[in-house]
Colleague: 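Dumping the structure here so I can ask a few things about it.
Predicted model, so just to flag it, every value in this text is computed and none were measured. Naming: A, B, ... by sequence-line order, numbering from 1 per chain.
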Number of protein chains: 2
Amino acid sequence: MKPERKKRGGKYDSSAALLQGVCVRPTRQRLALAAWLFDGSDKHVTAEESSAAMRRRRAGVSLATIYNTLNAFTESGLLRQIAIDGAQIYFDTNTNDHYHFFDEKTGHLTDIPASSIRFAQLPKIPDGKALLRVDVVLRVQRAR
Amino acid sequence: MKPERKKRGGKYDSSAALLQGVCVRPTRQRLALAAWLFDGSDKHVTAEESSAAMRRRRAGVSLATIYNTLNAFTESGLLRQIAIDGAQIYFDTNTNDHYHFFDEKTGHLTDIPASSIRFAQLPKIPDGKALLRVDVVLRVQRAR
DNA sequence: GTGATTGCAAATCTTTTGCACTAAA
DNA sequence: TTTAGTGCAAAAGATTTGCAATCAC
């Protein structure tokens, strides 16, 4: 691994607190990824996009570690996975209750706040089963 | 390809009509797959499951052809793709408006008729976009 | 015949893993 | 120290593709 001077202060402090809050050891790589992921704007990212972002920042994080870290963050509840088209896994930095627009042409995901969709009726959950989550994806396309 | 006696009559007749109806050339392999897929019961299948079903029937359909055929059927509107967990693509033989239960533990998909979910409110579609489809997945788990 | 389809194997793409090395506690 | 985390390269899965042989029309 490339030696990298240790950053102190600024965004890294809050990232460190975030990770320690969920018992994830705050390594340099995880802090770099967390600082980018949790910068305040909600993101929908793939492993490859995360890797590109780290490369841009010359953060020195290998692709294997990107995957390990995204999975570790997901297990800790910091991220949520979204499967849209089977091509690749998206990770959502917004773990609150909400839904998504998906543009079929651009492959772009956008949040829909939970308050924007209300159900008048939901089906009975089969016996012996419990409802975990309701996923809603509104597939859209550029209007012609 | 293994020589196989050509079947006539029964399920194959309706499959042939089905394929010809959407301008898909009814080859032996496509007929075998269609006869299984469209036997009347709604199915959610993966490529691997389809391959296993063809093997069971000694239908002699290679995995490459399974993929080609499932994709061809999807393009013709005979099947619909569903992405649930990023692991693999599911193909749904029910192309009508409907939704799904997904059991996180078993990986099993079940249909929810369109009439069982009603929306009291949907978000405004962004300018310049048109709504193509609303996907709803109710994620469930064995209740403890 | 002629162009579409098939099968095989190789290629591609995303994601995971084994293992020696390094860093956090 | 001791254990968890990292990087690399190899492995694993799912899916696609190039191409010669074969089939549908």
Colleague: Closest heavy-atom contact between Lys43(A) and Asp39(A)?
Modeller: NZ-OD1, 2.6 Å
Colleague: Nearest to the side chain of Gln88(A), heavy atoms from C-beta on, is which of dT6(D), dT15(C), dC25(D)?
Modeller: dT15(C)
Colleague: Over the length of the helix from dG1(C)-dC25(D) to dA25(C)-dT1(D), how much do the five-pair end axes diverge, rounded to 10 degrees?
Modeller: 30°
Colleague: Partners of Lys124(B) by side chain to side chain donor-acceptor pair (under 3.5 Å), sequence neighbours excluded?
Modeller: Asp127(B)
Colleague: Of the residues in residues 66-74 of chain A, which ones touch DNA chain C at a heavy-atom distance under 4.0 Å?
Modeller: Tyr67(A), Asn68(A), Asn71(A)
Colleague: Are the side chain of Ser51(A) and the backbone of Ala47(A) linked by a donor-acceptor contact shorter than 3.5 Å?
Modeller: no
Colleague: Hey, does the side chain of Gln29(A) come within less than 4.0 Å of dG7(D)'s phosphate (OP1/OP2), counting only N and O?
Modeller: yes
Colleague: Is Lys129(A) salt-bridged to Glu104(B), going by a charged N under 4.0 Å from an acidic O?
Modeller: no
Colleague: When you match Thr27(A) and Ala87(B) each to their closest nucleotide on DNA chain D, which lands nearer the 5' end?
Modeller: Thr27(A)
Colleague: Once rounded to the nearest 0.5 Å, what's the spacing between atom CG of Leu109(B) and atom CD1 of Ile84(B)?
Modeller: 5.0 Å
Colleague: Taking salt bridge (charged side-chain N to carboxylate O under 4.0 Å, His left out) as the definition, give me every residue that meets it alongside Asp135(B), ordered by chain and number, with sequence neighbours left out.
Modeller: Arg139(A), Arg133(B)
Colleague: Restricting to ring-ring contact (aromatic ring centres under 6.0 Å, His included), what partner residues turn up for His100(B), sequence neighbours left out?
Modeller: His44(B), His98(B)
Colleague: Please tell me if Thr46(A) has a side-chain N or O lying less than 4.0 Å from either OP1 or OP2 of dT14(C).
Modeller: no
Colleague: With a cutoff of under 4.5 Å between side-chain heavy atoms, which Ile, Leu, Val, Met, Phe, Trp and Tyr residues group with Val134(B)?
Modeller: Tyr99(A), Phe101(A), Ile112(A), Ile117(A), Phe119(A), Leu122(A), Ile125(A), Leu131(A), Val134(A), Val136(A), Leu138(A), Val140(A), Tyr99(B), Phe101(B), Ile112(B), Ile117(B), Phe119(B), Leu122(B), Ile125(B), Leu131(B), Val136(B), Leu138(B), Val140(B)
Colleague: Want to settle it: does Leu63(A) or Pro26(B) sit nearer the 5' end of DNA chain D, counting the closest nucleotide to each?
Modeller: Leu63(A)
